[in-house]
Amino acid sequence: MRSEEASRAGTLYVVATPIGNLEDITARALRVLGEVDLVAAEDTRHSRKLLNHFAIRKPLLSCHEHNERQRRDELIGRLLAGATVALISDAGTPAIADPGYRLVCACHAAGIPVVPVPGPSALVTALSAAGVPTDRFVFEGYLPARAAARNACLQGLHDEPRTAVLYETPHRLLATLAAIAGVWGEGRPLVVARELTKLHEELFRGTAGEALAHFGAAPVRGELVLILPPVAQEPPAVDVVEELQRLIVEEGLARSAAVREVAKRSGVARSEVYRLSLEIDRETGPAS
């Protein structure tokens, strides 16, 4: 970008907005939203209600996951011409598991100033009240929708020494809880934060099995944050490979029955026991 373009470029403000309770908006966010030339919003209808509540009258332009590439070029053009733009999402901090990343990257590449206006974030809000280790954590965003990919992601977190934070949708929560129980067992501790800062706020702390029973009792509604604290790695009660060898190779037990029996006795997740049974195949030949 030429130096004269840089000198007259506007500024992109990345503005956090409430995740539920409108009282959580900051004074700085209100000032910036009232001063910019344009607000780029994930859902203009939703954001119009927010701006109207605070008597802010500004033009709104949609910028969501389906049109962000197109809007990026349009917004960069306006910013280079000197406009100031506030980027907001439906709730919380933009570009955190929400649209905005491409626009922010393009601004940096074009030499346009990017100014964060911090505020609410669902993942930090949930962590602060979860009662789990927070000195180190990893944010995984939304798990894949397909079962195989979701299970692979959870398997990757099996030995994660940090607290893992996930976002989840109401209609997929039970499937994800069942997948967690499959990887770690139903006794796996977790926290489910639902509808944070809203009227029906809920902070569930328990095991995967207890969560399945709790959230399976009625339709799940609202935004969800799922937290998996690190678990101490204890040696299994029995030698898994040795038991699989004995049951499958020596006693001729069917693989499914052997895996079920060893998982029950060892406390190791059935999926992991099954994986180890396949390793035995490579050494001794296929089991039935």
Less than 3.5 Å apart, any donor N or O on the side chain of N67 or S62 sitting next to an acceptor on the other? yes
What pair of heavy atoms forms the shortest contact from I227 to P229, and how long is it? O-CD, 3.5 Å
For E251, does the CD atom sit with more than 12 other heavy atoms under 6.0 Å from it, leaving out its own atoms? yes
Please state whether the rings of H214 and F204 are parallel, tilted or perpendicular, taking 30° and 60° as the class boundaries. parallel
What I'd like to find out is whether the side chain of L75 reaches to under 4.5 Å of the side chain of L61, using heavy atoms alone. yes
Going by atom types only, do Q155 and S271 share a side-chain donor-acceptor pair under 3.5 Å? yes
Say whether, by atom type as modelled, one donor and one acceptor occur between the side chain of T163 and the main chain of P133 under 3.5 angstrom. yes
Only one of T84, V85, L60 passes side-chain contact (heavy atoms from CB on, under 4.5 Å) with L38; say which it is. V85
Worked check of side-chain contact (heavy atoms from CB on, under 4.5 Å) between H200 and R221: CA-CA 10 Å; H200 299 293; R221 296 185 174 87; over 6 Å; no
Pairs meeting criterion salt bridge (Lys or Arg N to Asp or Glu O under 4.0 Å) with involvement of residues 199-215, two or more places apart: R194-E202
In Å, rounded to the nearest 0.5 Å, how long is the span from NZ of K58 to CZ of R48? 11.0 Å
I need the L212 CG to L177 CG distance, nearest 0.5 Å. 5.0 Å
d(E140 CD, E168 CD) to nearest 0.5 Å is 12.5 Å
For the hydrophobic clusters of this structure (ILVMFWY residues joined by side-chain heavy atoms under 4.5 Å, transitively), does one cluster hold both V104 and L80? yes
For the student: nearest non-hydrogen atoms of L244 and S277, plus distance: CD1-N, 3.8 Å
Give me the atom names and distance for the closest heavy-atom approach of L154 to A179. CD1-CB, 3.5 Å
Salt bridge check, R275 against E272: does any charged N sit closer than 4.0 Å to a carboxylate O? yes
For the hydrophobic clusters of this structure (ILVMFWY residues joined by side-chain heavy atoms under 4.5 Å, transitively), does one cluster hold both V39 and F54? yes
Flag yes if I96 and Y101 sit in one hydrophobic cluster, no otherwise; membership is Ile, Leu, Val, Met, Phe, Trp, Tyr, and two members link when side-chain heavy atoms are under 4.5 Å apart. no
Any side-chain heavy atom of V165 sitting closer than 4.5 Å to one from L226? no
Smallest separation among heavy atoms of A258 and I248, with atom names: CB-CG1, 3.5 Å
V240 with Y274, same ILVMFWY side-chain cluster at under 4.5 Å: yes
Using a cut-off of 6.0 Å, state whether more than 12 heavy atoms not belonging to K49 lie near its atom NZ. no
Any sub-3.5 Å donor-acceptor pair from T125's side-chain atoms to L196's backbone N or O? no
Check step by step if side-chain contact (heavy atoms from CB on, under 4.5 Å) holds for V262 and L247. CA-CA 9 Å; V262 173; L247 292 174; 3.7 Å; yes
Full working for salt bridge (Lys or Arg N to Asp or Glu O under 4.0 Å) between R246 and E242: CA-CA 6 Å; R246 184 179 66 80; E242 184 178 294; over 6 Å; no
Give a yes or no on whether V192 and V138 share a hydrophobic cluster (residues Ile, Leu, Val, Met, Phe, Trp, Tyr; joining criterion: side-chain heavy atoms under 4.5 Å apart). no
Do L190 and T207 come within less than 4.5 Å of each other through their side chains, counting heavy atoms only? no
Within a radius of less than 6.0 Å around OH of Y142, do more than 12 heavy atoms belonging to other residues, nucleotides or ligands occur? yes
Does any part of the side chain of T11, heavy atoms only, come nearer than 4.5 Å to the side chain of I112, both counted from C-beta? no
Which label fits H158 and W184: parallel for a plane angle under 30°, tilted from 30 to 60°, or perpendicular past 60°? parallel
If you apply the rule side-chain contact (heavy atoms from CB on, under 4.5 Å), what do you find for Y13 with L87, and how did you get there? CA-CA 6 Å; Y13 294 92; L87 173 67; over 6 Å; no
So, for L12 and C107, which heavy atoms are closest and what is the spacing to 0.1 Å? CD2-SG, 3.7 Å
On a heavy-atom basis, the closest approach of I19 and K198 is O-CE, 3.2 Å
So does E68 have more than 12 non-hydrogen atoms from other groups sitting under 6.0 Å from CD? yes
May I ask you to test the F137-L127 pair for a side-chain heavy-atom distance under 4.5 Å? yes
Between T26 and A29, is there a donor-acceptor pair closer than 3.5 Å when you use the side chain of the first and the backbone of the second? yes
Polar side-chain atom of T197 near backbone of N21 as donor-acceptor pair, under 3.5 Å: yes
Is there a side-chain contact (heavy atoms from CB on, under 4.5 Å) between L103 and R71? Walk through the geometry before answering. CA-CA 8 Å; L103 176 60; R71 291 299 194 210; over 6 Å; no
Evaluate whether atom CZ of R57 has more than 12 neighbouring non-hydrogen atoms of other residues, nucleotides or ligands under 6.0 angstrom away. yes
One should read off an interatomic distance between R172 CZ and R150 CZ, to the nearest 0.5 angstrom, of 7.0 Å
Nearest 0.5 Å, please: how far is CD1 in I88 from OG in S47? 3.5 Å
Using atom types as modelled and distance alone, determine if a side-chain donor or acceptor of Y167 lies under 3.5 Å from a backbone N or O of L143. no
Per side chain to side chain donor-acceptor pair (under 3.5 Å), E74 is matched among R78, R72, Q70 by R78
Is there side-chain contact between V191 and V132, with at least one heavy-atom pair below 4.5 Å? yes
NE2 of H64 to CD of E42, rounded to nearest 0.5 Å, is 8.5 Å
Within the distance-only criterion (no hydrogens, no angle test), does the side chain of H46 pair as donor or acceptor with the backbone N or O of D90 below 3.5 angstrom? yes
